[in-house]
K.L.:
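Please read through the structure below; I'll follow up with questions.
This one's a predicted model, so the numbers in the text were calculated from it and none came from an experiment.
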Amino acid sequence: MSEPIVKIAGLHKAFGDLEVLKGVDVSIREGEVVCLIGPSGSGKSTLLRCVNMLEEPTQGTVEAAGHSMTDPDVDIDAARRDIGMVFQQFNLFSHLSILDNIVLPQRRVLGRGKAEAVANARRQLEAVGVEGKEKAKPAQLSGGQQQRVAIARALAMGPRLMLFDEPTSALDPELVGEVLHVMRRLADEGMTMIVVTHEMDFAKEVADRVLFLSDGVICEQGPPADVLTDPKTERAKGFLHRVLHPAD
């Protein structure tokens, strides 16, 4: 068994009087793919954002990619270099070309020379199937292509851990598959991934473990075959029935 690359202990997060996370404990091994599922408002995205400190926990500790994220003395910029994140929205710079969107962070954050950054950007674009679009602006690409560029941008930084916050939720249905295909390849290559998703087929095929969150706690977790096809808690059963059988 590989060592945990993520350790979360006693994690709480409140926004004013609203407690979104109510004591989460979980460890994730290097190379593991973990999918977070659950109803809206259950704390999935907040949990993900606490991993790289986009949200500061109210209580508890987070270790990720070799960094004590909740330590007041942590170099958060250095830590985030090891943690890639892909959001629902693509967050590309609209005024820059696709190539420059990937080159700029490498040069500014990692201090890479132009030639090295450009060569790496081209490799990443080819890996996600968007080669030949280097000179285009984001608005000239489909949503699926833009999200694949966002993944390439994150990968160009050389992360040890990738976080995906519902990366297909803003896409038209016919474009979802091309993004999931890239994520499947990353999983096959051994990238550690935490994925907030409503794509149950993806979770079933790719995840090593599924965590079901409800009301700010992990209610159930285990292999996809167990959680998705034979849930033990009534909350998980009800949620999965609504997702898998929406017409009932």
K.L.:
Between R80 (side chain) and M53 (backbone), is there a donor-acceptor pair under 3.5 Å?
P.N.:
yes

K.L.:
Near H241 NE2, under 6.0 Å, is it more than 12 heavy atoms from other residues, nucleotides or ligands?
P.N.:
yes

K.L.:
Between S27 and R209, what is the shortest heavy-atom contact and its length?
P.N.:
O-NH2, 2.6 Å

K.L.:
Once you round to the nearest 0.5 Å, how far does OG of S42 lie from CG of L211?
P.N.:
11.0 Å

K.L.:
Indicate the atoms forming the closest heavy-atom contact of P105 with N101, along with that distance.
P.N.:
CD-O, 3.1 Å

K.L.:
Looking only at atom types and distance, does a side-chain atom of K44 sit under 3.5 Å from a main-chain N or O of L213, one as donor and one as acceptor?
P.N.:
no

K.L.:
Which heavy atom of P138 sits nearest to which heavy atom of F93, and what is that distance?
P.N.:
CG-O, 3.6 Å

K.L.:
Are any side-chain N or O atoms of T168 and backbone N or O atoms of V176, one a donor and one an acceptor, separated by less than 3.5 Å?
P.N.:
no

K.L.:
Do F164 and F87 belong to the same hydrophobic cluster, where Ile, Leu, Val, Met, Phe, Trp and Tyr are linked whenever their side-chain heavy atoms lie under 4.5 Å apart, directly or via other members?
P.N.:
no

K.L.:
Check for me, please, whether M183 and M162 land in the same ILVMFWY cluster - side-chain distances under 4.5 Å, paths through other members count.
P.N.:
yes

K.L.:
Can you tell me how far the CD atom of E30 sits from the OG1 atom of T192, to the nearest 0.5 Å?
P.N.:
5.0 Å

K.L.:
Out of curiosity, D100 CG to E134 CD, how far, rounded to the nearest 0.5 Å?
P.N.:
11.0 Å

K.L.:
Search all heavy atoms of V62 against all heavy atoms of P57 and return the closest pair with its distance.
P.N.:
CG2-CG, 4.5 Å

K.L.:
Do L92 and L141 have side-chain heavy atoms sitting under 4.5 Å apart?
P.N.:
no

K.L.:
Do R160 side-chain atoms and A65 backbone N/O form a donor-acceptor pair below 3.5 Å?
P.N.:
yes

K.L.:
Minimum heavy-atom separation for V206 and A187, please, with both atom names.
P.N.:
CG1-CB, 3.4 Å

K.L.:
Heavy-atom count check: over 12 atoms from other residues, nucleotides or ligands less than 6.0 Å from E131 CD?
P.N.:
yes

K.L.:
Assess whether atom NZ of K13 is packed by more than 12 heavy atoms of other residues, nucleotides or ligands within 6.0 Å.
P.N.:
yes

K.L.:
Looking at E220 and K232, would you say the former's side chain and the latter's main chain have a donor-acceptor pair under 3.5 Å?
P.N.:
yes

K.L.:
Start with the C-alpha gap between E32 and I5, add the side-chain angles, then the distance that decides, and say whether side chain to side chain contact (heavy atoms under 4.5 Å, CB included) holds.
P.N.:
CA-CA 9 Å; E32 190 175 17; I5 190 172; over 6 Å; no

K.L.:
Shared ILVMFWY cluster between M191 and V34, side chains joined below 4.5 angstrom?
P.N.:
no

K.L.:
About how many Å separate CG of N52 and CE of M69, when rounded to the nearest 0.5 Å?
P.N.:
6.0 Å

K.L.:
Would R148 and V179 satisfy side chain to side chain contact (heavy atoms under 4.5 Å, CB included), going step by step from the backbone distance to the final call?
P.N.:
CA-CA 6 Å; R148 284 185 280 157; V179 174; 4.3 Å; yes

K.L.:
Heavy-atom distance under 4.5 Å between the side chains of I37 and L240, does that happen here?
P.N.:
yes

K.L.:
Taking all non-hydrogen atoms of both residues into account, name the closest pair between T58 and A14 and its distance.
P.N.:
OG1-N, 2.8 Å

K.L.:
Please evaluate residues D208 and R29 with respect to the criterion salt bridge (charged side-chain N to carboxylate O under 4.0 Å, His left out), reporting the C-alpha separation (whole Å), side-chain torsions for both, the decisive distance (0.1 Å), and the verdict.
P.N.:
CA-CA 10 Å; D208 297 297; R29 303 186 312 275; 5.6 Å; no

K.L.:
Looking at Q88, is its backbone amide N or carbonyl O close enough to the side chain of D165 to form a donor-acceptor pair, meaning the two atoms are under 3.5 Å apart?
P.N.:
no

K.L.:
Quick check for you: to the nearest 0.5 Å, what is the distance between Q147 atom CD and S142 atom OG?
P.N.:
10.5 Å

K.L.:
Would you call V74 and S68 a side-chain contact if the rule is heavy atoms closer than 4.5 Å?
P.N.:
no

K.L.:
Is a side-chain N or O of D71 found less than 3.5 angstrom from the main chain of D73, in a donor-acceptor match?
P.N.:
yes

K.L.:
Between E126 and R123 (salt bridge meaning N to carboxylate O under 4.0 Å), is one present in this structure?
P.N.:
no

K.L.:
Using the side chain to side chain contact (heavy atoms under 4.5 Å, CB included) rule, take T46 and R49 through it: C-alpha gap first, then chi angles, then the decisive distance, then the call.
P.N.:
CA-CA 5 Å; T46 300; R49 292 168 67 86; 5.8 Å; no

K.L.:
Is any side-chain heavy atom of D201 less than 4.5 Å from a side-chain heavy atom of L180?
P.N.:
no

K.L.:
Under 4.5 Å between side-chain heavy atoms, counting indirect links through other Ile/Leu/Val/Met/Phe/Trp/Tyr residues: same cluster for V196 and L21 or not?
P.N.:
yes

K.L.:
Please walk me through it: do L47 and I8 pass side chain to side chain contact (heavy atoms under 4.5 Å, CB included)?
P.N.:
CA-CA 10 Å; L47 174 58; I8 298 170; 3.9 Å; yes

K.L.:
Is it true that, when you exclude Q89 itself, more than 12 heavy atoms of the residues, nucleotides or ligands shown sit nearer than 6.0 Å to its CD?
P.N.:
no

K.L.:
Is Q145 reaching over with its side chain to a backbone N or O of V130, donor-acceptor style, under 3.5 angstrom?
P.N.:
no

K.L.:
Does the side chain of H198 reach to within under 4.5 Å of the side chain of S169, using non-hydrogen atoms?
P.N.:
no

K.L.:
Decide yes or no for V118 and R122: does some side-chain heavy atom of the first lie under 4.5 Å from some side-chain heavy atom of the second?
P.N.:
yes

K.L.:
Nearest 0.5 angstrom please: L48 CG to L54 CG, how far?
P.N.:
8.5 Å

K.L.:
Counting N and O atoms only, with roles assigned by atom type, does the side chain of Q146 sit under 3.5 Å from a partner on the main chain of F90, one being a donor and the other an acceptor?
P.N.:
no

K.L.:
Taking I218 as the starting point, is it possible to reach L163 by hopping between hydrophobic residues whose side chains are less than 4.5 Å apart?
P.N.:
yes

K.L.:
Can you check whether V128 reaches V149 side chain to side chain, under 4.5 Å on heavy atoms?
P.N.:
no

K.L.:
Closer than 3.5 angstrom, by distance alone: can the side chain of D25 be matched with the main-chain N or O of G10 as a donor-acceptor pair?
P.N.:
yes

K.L.:
Does V195 reach the side chain of C35, with side-chain heavy atoms less than 4.5 Å apart?
P.N.:
yes

